[in-house]
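Notes follow the structure.
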Amino acid sequence: MIYLDHGATTKVDPSVLEAMLPYLGDEYGNPNCLHTLGHNARRTVEEAREQVAEALGARPREVVFTGGGTESDNLALKGAARVLRERNNGNHIITSAIEHHAVLHAGYALEREGFDITYLPVDEDGVVSIESLRLALRDDTILVAIMHANNEIGTIEPIAELAAVAKEAGVVFHTDAVQTFGRMPTSVDELNVDLLSLSAHKIYGPKGVGALYVRRGVRLQPLVDGGGQERKLRSGTENVAGIVGLAATVQRMRTHAGEESKAIRALRDKLISSVLEKIPRARLTGHPTRRLDNSASFCFDYVEGESMLLLLDSLGIAASSASACTSGSLEPSHVLLAIGLPHEVAHGSLRLTLGKDNTEEEIDTVIEALPGIVTRLREMSPMVPAGSE
Ligand code: PLP
């Protein structure tokens, strides 16, 4: 199989699996227990917290382990909004129209609780403008949430600049860094953020574990009540093996991400330029340069994304159309609509996301296969106007 869906998830690196295994075996202690097995587990969790904090340029106490990116986003938005409404007497939240559903749907839930949410538009490359944030801020704004990089089109947002605008107004700033953490610099001070969501499974770690960075002084209401773990912010016995996996993958990325990124970027550039050259009526979606190193996302006129996926899959090529969480639904992606693509074009989307194990040979195979697939689908399509091919 040629796996080009790393934006959806990645294979756990063998070194990460090896680090986790003892905690699924003999080291099965509950970190909240006072015996030696419990102590060992506690020490392991706290070491992992230090490692994740170090990667963020944060203090260990500012890292809350969660069940992944979705939970981190929900804890950040709902947790902060509910506290800030009481404290600051405001109920206005600003986010962007292209956020992951973990943020967007948390926003819809907050709207049902009476919060007022502004969804900032983006330009045709998917960039949120700093001026639009400035104009949207109001006296009753309590929270801004803008993602670091978009999972569908790869665009990287100017987070430090956006956060500076929010800071100037005294407003708490959250960023969803699920697609960037571990792969590009995510120092919380350089990004100037108060809250940051991250996840292990996009960077060769296990699924179902992540963290939320919470700057000292920012208060959150927990989503889950119980034994008061994670400084009362996330009750429940810690996922020790998962947390170890997260820390191990963070450490691995700190050593290898630079060189891996260089290789991935070179393959990605070859893929993009070849696809655009070989396939007529193809367009790159997302920013041409300010984009994730592994992301090649396109729209092809007169083609159904789902059909493309099936034909690619029949050749052993795993790809996706829009995000993993939305594929399967017939609605075109909210991200592609937000960058101004008409419905019929947005339906023809293809996202190829590369990873450290992809080879040039694999990319060549895809470059070889894709033009034929697109031609075949266009030949069958009733959408193609006569004489356009
Ligand atoms: N945010 C972004 C930008 C993502 O790409 C994803 C994963 O698809 C998530 C949040 C959700 O993360 P998780 O799968 O760890 O819940």
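The first residue in the sequence is number 1, and the count goes up from there. Counting convention: from 1, in listed order, for ligands and their atoms alike.
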- Task: Begin from the C-alpha positions of Glu131 and Arg134 and carry the test salt bridge (Lys or Arg N to Asp or Glu O under 4.0 Å) through to its verdict.
- Result: CA-CA 5 Å; Glu131 198 47 34; Arg134 209 187 293 281; 3.4 Å; yes
- Shortest non-hydrogen pair, Leu271 vs Ala296, comes out as CD2-CB, 4.0 Å
- Task: Number the atoms of ligand 1 from 1 as they appear, then name those within less than 4.0 Å of a heavy atom of Gly68, with their elements.
- Result: 15 (O)
- Can you list the atoms of ligand 1 that are under 4.0 Å from a heavy atom of His201? 13 (P), 14 (O), 15 (O)
- Could you tell me whether ligand 1 has any atom less than 4.0 Å away from a heavy atom of Lys202? yes
- Which part of Thr70 is near ligand 1, with near meaning a heavy atom under 4.0 Å away: side chain, backbone, both or neither? both
- Message: Using a 4.0 Å heavy-atom cut-off, which part of Val103 comes near ligand 1: side chain, backbone, both, or neither?
- Response: neither
- Item | Under 3.5 Å: N/O of Glu71 near N/O of ligand 1 | no
- Looking just at side-chain N and O atoms, do Ser295 and Thr353 make a donor-acceptor pair shorter than 3.5 Å? no
- Hits for side chain to side chain contact (heavy atoms under 4.5 Å, CB included) against Glu46, two or more places apart or cross-chain, chain-then-number order -> Arg42, Arg49
- State the atoms of ligand 1, each with its element, that fall below the 4.0 Å cut-off from a heavy-atom position in Gly69. 12 (O), 13 (P), 15 (O), 16 (O)
- For Val63 against Ala211, the heavy-atom pair lying closest together: CG1-CB, 4.0 Å
- Query: Hey, does the Lys NZ or Arg CZ of Arg85 hover above the aromatic six-ring of Phe115, less than 6.0 Å from the centre and inside 45° of the axis?
  - Reply: yes
- Where's the contact between Met147 and ligand 1, heavy-atom distance under 4.0 Å: side chain, backbone, both or neither? side chain
- Report yes if some N/O of Val178 lies less than 3.5 Å from some N/O of ligand 1; otherwise report no. no
- With the threshold set at 4.0 Å, does a side-chain nitrogen-carboxylate oxygen contact exist between Glu71 and Arg234? yes
- Query: What atoms in ligand 1 come closer than 4.0 Å to a heavy atom of Asp73?
  - Reply: 1 (N), 10 (C)
